[in-house]
Amino acid sequence: MGALPPVADGGLTRPRIGIGGISIESSTFSPHISGDEAFTIRTGAELRAYYPFLDEGRELAEAADWVPLTHGRSLPGGAVDPETYRRMKQAIVDGIRAEGPFDGFFFDIHGAMSVVGMEDAEGDLALAVREALGPDTLVSTSMDLHGNVSETLRDAVDLLTCYRMAPHEDWLNTKERAVWNLLARLRGPHGADPLARRPFTAWVPVPVLLPGEKTSTRLEPARGIYAALPGIEALPGVVDASVWIGYAWADEPRCQACVVVTGDDCTLIAREAERIARRFWDAREDFEFVAETGSLDEALGKALAPTARRPYLISDSGDNPTAGGAGDVTWTLAQLLQRPELTDGSRTTLVASIFDADAVAQAVSAGVGATVTLSAGAKVDAGPHGPVTITGTVYSVKEGDPDAGTQVVIAVGGLHAIITERRKPFHHLHDLRMLGLEPTTADIVVVKIGYLEPELYDLAADWTLALTPGGVDQDLLRLGHRRLSPGVYPFDPSGEPALTATVVRRGEGRIRA
């Protein structure tokens, strides 16, 4: 990104910019409902501090008067409770009306929020934000690449960008890019002209919907597609180029891949958006899982082989809470407990995790070292397997985790099952070490995740992505999508889309399609 451009004649020297949004990834196939308890609400100084690039003394911080309003952020989960959504939306709208007017607005969203009874939650939120802001405020939107860009969202905002890495190691850089783009437009020669400062948007939906585990940017073809974006962005007349994979575990018409290129040269941005969209479509059958896949039994067979490299990691992918799984599916743990070679003490297996507050309370009451029999899990998602019965020793108790609350480990021979009070993803070695578990010396580590986050990726001497059941099942065709747009691959493989860019500029409508 580099330094901001100097303020041009007519540009805004110190624009007034508001901040707000809602961020959650919601599986409509999970019975979990994301209510008030799921969201961390940040306002005022706490919200500004969430963005280090707005720290005092930083260039972007000093380039505007920042007015942080309200932002709600949750771990991925099920669809959002309508009243929870309404309250967050109203807080953002009320803040805009109380603190406005604004020259610009940083709209920080995910793009895959589902709300019970709605089919385009971000579109609804964007319309409410736009109505409160009025037509002249320039809105720049930061998104996850697993979000969706509907026509409603496209037409309510001015600038769109999303992550370029999966796993999302560039999440903060993307938010900074969205702010940089916003400031660059407001400081430009048309900064004082509300219409002229708006770029054109070339939008091409690509009727492909694949799980993130098949579209990691660590591998081709996603790696090459995303690697092309900085070059497009650097062309004269282009502001930003982005590709959305879309969100595979929601059954809504907007769920599909999408290419958006913004800029001032309508012909150029349309050409580049269509070129990348065609490249994505032509590669649709080339996307492969980021690791070797198999059933849980197949994964265990490899992990237990005498020649297996250790620690051997197994992704329990169907109930991945960071993709929207409930996090309390017990199917995998129940299978593991039936394997004597995992419970006879001859090897160490770590299993993360299920959540059940009652089971945790029972283990805490019994105390470390006590033998307990617990019925745990499946209170939210009992579809694949009901509650699991665990008889073992309370190995450790850890209180006060900001996500999990109290955590316990139940040892059944060499198998160490983690049970938490609340939903929690286990992405870091510290998550295990705080419980007295050492992942580097374990034989097998089973984690509810899809592709491995960086620390787990580095930990794994070998790895299988197990195709387990749950609300974010990697086998999309067995989930039962019914409401996708026609022609979306692989659900309807017979389609052949035109992949023609729709070019719009807010206030002028459709320039061409």
Side-chain angles (χ1 to χ4, degrees), residues 1-7 11-23 25 40 42-73 102-111 122 126 129 137-147 149 153 157-188 191 197 199 201 217 226-235 238-244 260-263 453-454:
M1 286 175 283
L4 283 169
V7 179
L12 302 184
T13 302
R14 194 173 180 85
R16 197 163 184 271
I17 301 177
I19 304 173
I22 302 174
S23 180
E25 191 174 54
T40 298
R42 294 181 175 89
T43 61
E46 183 185 12
L47 176 53
R48 178 166 178 170
Y50 183 61
Y51 308 105
F53 51 83
L54 295 184
D55 287 348
E56 186 175 347
R58 300 285 294 270
E59 182 188 30
L60 298 184
E62 303 304 320
D65 289 326
W66 297 98
V67 186
L69 301 175
T70 298
H71 188 272
R73 183 180 184 276
F102 298 105
D103 300 299
F105 194 83
F106 173 35
F107 190 42
D108 186 3
I109 62 175
H110 183 285
E122 274 93 0
V129 166
T137 303
L138 198 69
V139 175
S140 184
T141 306
S142 170
M143 298 175 65
D144 190 302
L145 63 81
H146 295 122
V149 184
L153 175 62
V157 304
D158 302 287
L159 293 154
L160 287 153
T161 194
C162 71
Y163 306 160
R164 294 173 180 171
M165 297 179 70
H168 306 319
E169 298 170 65
D170 66 331
W171 68 274
L172 190 58
N173 175 267
T174 301
K175 296 180 192 299
E176 184 175 2
R177 183 169 65 249
V179 167
W180 194 97
N181 288 342
L182 177 61
L183 283 166
R185 299 298 293 187
L186 292 171
R187 292 160 70 96
R197 68 190 180 198
T201 297
T217 58
Y226 279 90
L229 300 181
I232 298 172
E233 185 178 271
L235 295 172
V238 175
V239 173
D240 186 86
S242 293
V243 175
W244 282 257
V260 173
V261 181
T262 53
E453 293 294 328

S.K.: Less than 4.5 Å apart, side chain to side chain, heavy atoms only: is that true for Phe107 and Leu153?
M.R.: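 Side chain of Phe107 against side chain of Leu153, heavy atoms only: contact under 4.5 Å found.
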S.K.: How long is the gap from OG1 on Thr137 to CZ on Arg16, to the nearest 0.5 Å?
M.R.: 10.5 Å
S.K.: Answer yes if the side chains of Ser242 and Thr161 hold a donor-acceptor pair under 3.5 Å, and no otherwise.
M.R.: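 Present: a donor and an acceptor within the cut-off.
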S.K.: With rounding to the nearest 0.5 angstrom, report the CG to CD distance, Asn181 to Glu233.
M.R.: 6.5 Å
S.K.: Given 3.5 Å as the limit, does a donor-acceptor pair link the side chain of Thr262 with the main chain of Leu159, or not?
M.R.: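 Here the side-chain-to-backbone pair does not exist.
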S.K.: Any pair with a residue in residues 171-188 that passes salt bridge (charged side-chain N to carboxylate O under 4.0 Å, His left out), sequence neighbours left out, goes on the list, sorted by first then second residue, please.
M.R.: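 Qualifying pairs, neighbours excluded: Asp108-Lys175, Arg177-Asp240, Arg185-Asp264.
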S.K.: Measure the spacing between CG of Leu160 and CE of Met143 and express it to the nearest 0.5 Å.
M.R.: 6.5 Å
S.K.: Output all residues satisfying side chain to side chain donor-acceptor pair (under 3.5 Å) with Tyr226, sequence neighbours left out; order by chain, then residue number.
M.R.: none
S.K.: Less than 4.5 Å apart, any side-chain heavy atom of Thr201 and any of Val157?
M.R.: no
S.K.: Hey, could you give me the CG/CZ distance between Asp170 and Arg164, rounded to the nearest 0.5 Å?
M.R.: 8.0 Å
S.K.: Using every non-hydrogen atom in the two residues, find where Phe53 and Leu60 come nearest and quote the distance to one decimal.
M.R.: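 Distance-wise, the nearest heavy atoms are O-CB, 3.8 Å.
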S.K.: Which pairs pass side chain to side chain donor-acceptor pair (under 3.5 Å) with one or both residues in residues 64-73, sequence neighbours excluded?
M.R.: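 Every side chain to side chain donor-acceptor pair (under 3.5 Å) pair that includes a residue of residues 64-73, provided the two are not neighbours, is Arg14-Asp65, Tyr50-Arg73.
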S.K.: Among residues at least two apart in sequence or on other chains, which ones pass side chain to side chain donor-acceptor pair (under 3.5 Å) with His146?
M.R.: Asp144, His168
S.K.: Please determine which of Thr43, Leu69, Leu47 meets the side chain to side chain contact (heavy atoms under 4.5 Å, CB included) test together with Ile19.
M.R.: Leu47
S.K.: Kindly indicate whether the side chain of Met165, heavy atoms from C-beta on, has any atom under 4.5 Å from the side chain of Asn173.
M.R.: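 No - every pair of side-chain heavy atoms lies 4.5 Å or more apart.
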S.K.: Can you run down the salt bridge (charged side-chain N to carboxylate O under 4.0 Å, His left out) pairs that involve residues 48-61, sequence neighbours left out, and say none if there aren't any?
M.R.: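 As it turns out, there is no salt bridge (charged side-chain N to carboxylate O under 4.0 Å, His left out) pair with a partner in residues 48-61 once direct neighbours are skipped.
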S.K.: Can you name the side chain to side chain donor-acceptor pair (under 3.5 Å) partners of Asp158, sequence neighbours left out?
M.R.: Arg130, Arg506
S.K.: Can you find a pair of side-chain heavy atoms, one from Val179 and one from Ile17, that are under 4.5 Å apart?
M.R.: no
S.K.: Can you give me the closest heavy-atom contact between Ala63 and Pro15, atom names plus distance?
M.R.: O-CD, 3.3 Å
S.K.: What distance do Trp171 atom CH2 and His110 atom NE2 have between them, rounded to the nearest 0.5 Å?
M.R.: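 So the CH2 of Trp171 and the NE2 of His110 are separated by 12.5 Å.
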S.K.: Does the side chain of Trp180 reach to within under 4.5 Å of the side chain of Leu4, using non-hydrogen atoms?
M.R.: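 They are in contact (side-chain heavy atoms under 4.5 Å apart), so the answer is yes.
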